[in-house]
Amino acid sequence: MTTGIDLSQPQAQAIRSDEDVVRVRQLVRTVAVAAKLSLVDQTKVVTAASELARNTLVYGGGGSVEVTTMDNGRRRGVRIVFADSGPGIADLDLALTDGYTTGGGLGLGLSGARRLVDEFDIDTGAGRGTRITVTKWAR
Amino acid sequence: MERVPILKIGDILLVSIQVDMSDQTALQLQEDLAERIVSTGSHGVIIDITALDIVDSFVGRMLSTIASISKVLDAETVVVGMRPAVAITLVELGLSLNGIRTALNVERGMELIAAARPDESPDDDEFHDETDEPETTDSA
């Protein structure tokens with residue numbers, strides 16, 4: 001499906017629809033396989049990406065994602081940046097609480113995704129959109 | 001939008017999810033299954049997720065909802081074929097899949113469904129007082 005892409009370059013994908021969320025999963029899977037993540041770690045990072053891509057679509061009103069292969073000299077990994085210019089998150093501690101939702105979901109997307117990755121950084125605030133950076137390293 | 005096919009095998013509906021479902025496809029499956037349960041009078045639903053390489057919170061919630069809907073429509077739902085990596089990830093994500101019965105494969109799933117309706121098998125009357133499982137539904 002995603003053959004012939006140059007994985008040494010960051011891969012960008014718009015998130016505007018349901019189908020784009022599926023494309024994000026497939027893109028992250030391709031990069032995670034190339035970075036030699038174990039099957040469990042591939043599954044975790046793809047699941048986290050699916051949650052965050054859906055948040056970008058549902059809460060951020062759409063946005064974009066960038067997936068990059070990382071290499072810190074010792075390990076390879078996958079870094080994914082989700083960005084939207086939606087309303088932002090006013091109370092981040094609350095948003096990161098298991099079970100809290102404003103959208104009628106299960107309230108596990110943000111908190112669950114954070115547990116599934118090695119590094120999780122979020123830059124947000126009321127009225128200034130949301131930018132989430134996650135990294136998963138090969139073991 | 002893709003649509004997930006629903007097969008009728010005897011008294012059971014079998015759904016084998018072979019595509020990476022968009023959220024709309026998942027919601028459509030939920031509706032299609034409810035209609036098929038009623039139109040066929042099936043008493044069991046087996047959802048085979050062998051081909052799914054992830055189950056996120058949306059699909060997890062869909063599976064729980066399908067189980068609840070079928071229960072109301074007098075059918076048992078069993079989810080079969082979950083990959084080990086998917087199970088590990090689900091637990092870490094914090095998804096408990098409340099009220100969902102699982103089995104390792106389709107064959108065991110069919111046994112579970114048969115066992116859940118002892119009143120229809122002629123030989124075992126002794127269990128008919130214990131067929132009600134504890135309700136795990138947490139909120140309305």
Side-chain angles (χ1 to χ4, degrees), chain A residues 1-2 15-30 32-33 37-59 62 96-101 103-118 120 134 136 139, chain B residues 1-4 17-32 48-69 79-100 102 136-140:
Chain A
M1 80 218 132
T2 30
I15 306 176
R16 299 259 166 246
S17 70
D18 260 11
E19 279 74 24
D20 287 340
V21 175
V22 175
R23 289 186 190 102
V24 172
R25 290 201 285 263
Q26 290 166 349
L27 175 60
V28 171
R29 163 83 56 187
T30 305
V33 169
L37 263 64
S38 72
L39 182 58
V40 170
D41 286 337
Q42 287 171 34
T43 306
K44 287 181 180 179
V45 73
V46 174
T47 305
S50 183
E51 301 293 344
L52 296 173
R54 183 177 298 107
N55 282 358
T56 299
L57 181 66
V58 174
Y59 300 100
L96 282 166
T97 306
D98 268 356
Y100 176 78
T101 179
L106 294 172
L108 290 173
L110 207 53
S111 52
R114 183 164 69 160
R115 281 193 291 272
L116 292 174
V117 296
D118 297 319
F120 183 96
V134 299
K136 187 84 182 167
R139 262 152 241 296
Chain B
M1 186 189 71
E2 288 179 277
R3 223 159 163 150
V4 179
I17 305 173
Q18 297 291 330
V19 293
D20 190 342
M21 290 186 294
S22 72
D23 292 359
Q24 276 309 314
T25 303
L27 291 174
Q28 187 67 50
L29 173 60
Q30 212 170 282
E31 286 177 28
D32 290 349
D48 175 21
I49 60 167
T50 312
L52 287 192
D53 33 54
I54 68 151
V55 171
D56 65 9
S57 66
F58 195 90
V59 170
R61 181 165 63 146
M62 175 208 75
L63 294 174
S64 287
T65 307
I66 287 176
S68 305
I69 294 172
V79 172
V80 307
M82 187 182 293
R83 297 183 184 186
V86 170
I88 292 168
T89 303
L90 267 183
V91 169
E92 203 157 321
L93 184 63
L95 213 60
S96 55
L97 295 190
N98 267 340
I100 296 188
T102 55
T136 48
T137 342
D138 38 18
S139 62

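We use all heavy atoms of the structure for the numbers below, so side chains are in, but hydrogens, waters and symmetry mates are not. Just so it is clear: chains get the letters A, B, ... in the order the sequence lines come, proteins before strands, and each one is counted from 1. Here the structure is a predicted model, which is why all the values come from computation and not from measurement.
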> Has A:Ser50 got a side-chain atom pairing as donor or acceptor with A:Val46's backbone, closer than 3.5 angstrom?
no
> Looking at A:Val33, is its backbone amide N or carbonyl O close enough to the side chain of A:Gln42 to form a donor-acceptor pair, meaning the two atoms are under 3.5 Å apart?
no
> What residue in A:Leu39, A:Leu116, A:Asp41 has the most heavy-atom pairs under 4.5 Å with chain B?
A:Leu116
> Which bit of A:Arg114 comes within less than 4.5 Å of chain B, counting heavy atoms only: side chain, backbone, both or neither?
neither
> One pair to check against salt bridge (Lys or Arg N to Asp or Glu O under 4.0 Å): A:Asp118 and A:Arg139. What are the steps and the verdict?
CA-CA 11 Å; A:Asp118 297 319; A:Arg139 262 152 241 296; 3.2 Å; yes
> Indicate yes or no for a side-chain donor-acceptor contact from B:Thr25 to the backbone of B:Glu2 under 3.5 Å, with no hydrogens or angles considered.
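Yes, because the side chain of B:Thr25 sits within donor-acceptor range (under 3.5 Å) of the backbone of B:Glu2.
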> Where on B:Leu90 is there a heavy atom nearer than 4.5 Å to chain A: the side chain, the backbone, both, or neither?
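Neither part, no heavy atoms under 4.5 Å.
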> Within the side chain of A:Glu51, is there an N or O that forms a donor-acceptor pair under 3.5 Å with the backbone of B:Ser57?
yes
> Could you check if a side-chain atom of B:Met82 sits within less than 4.5 angstrom of a side-chain atom of B:Leu97, using non-hydrogen atoms only?
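They are in contact (side-chain heavy atoms under 4.5 Å apart), so the answer is yes.
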> So that I can tick it off, tell me whether A:Arg115 and A:Asp98 are bridged by a salt bridge, with the cut-off set at under 4.0 angstrom between side-chain N and carboxylate O.
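The answer is yes: the pair qualifies as a salt bridge.
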> Relative to chain B, which segment of A:Ala113 carries a heavy atom at a distance below 4.5 Å: side chain, backbone, both, or neither?
backbone
> Can you tell which part of B:Val55 gets under 4.5 Å to a heavy atom of chain A, answering side chain, backbone, both or neither?
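Answer is backbone: N, CA, C or O of B:Val55 sit under 4.5 Å from chain A.
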> Could you give all pairs that pass the salt bridge (charged side-chain N to carboxylate O under 4.0 Å, His left out) test and reach residues 83-100 of chain B, with sequence neighbours left out?
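Output for this query lists A:Lys44-B:Glu92.
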> Could you tell me which residues in residues 15-25 of chain A have at least one non-hydrogen atom under 4.5 Å from a non-hydrogen atom of chain B, sorted by residue number?
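Hits under 4.5 Å: A:Asp18, A:Glu19, A:Val22, A:Arg25.
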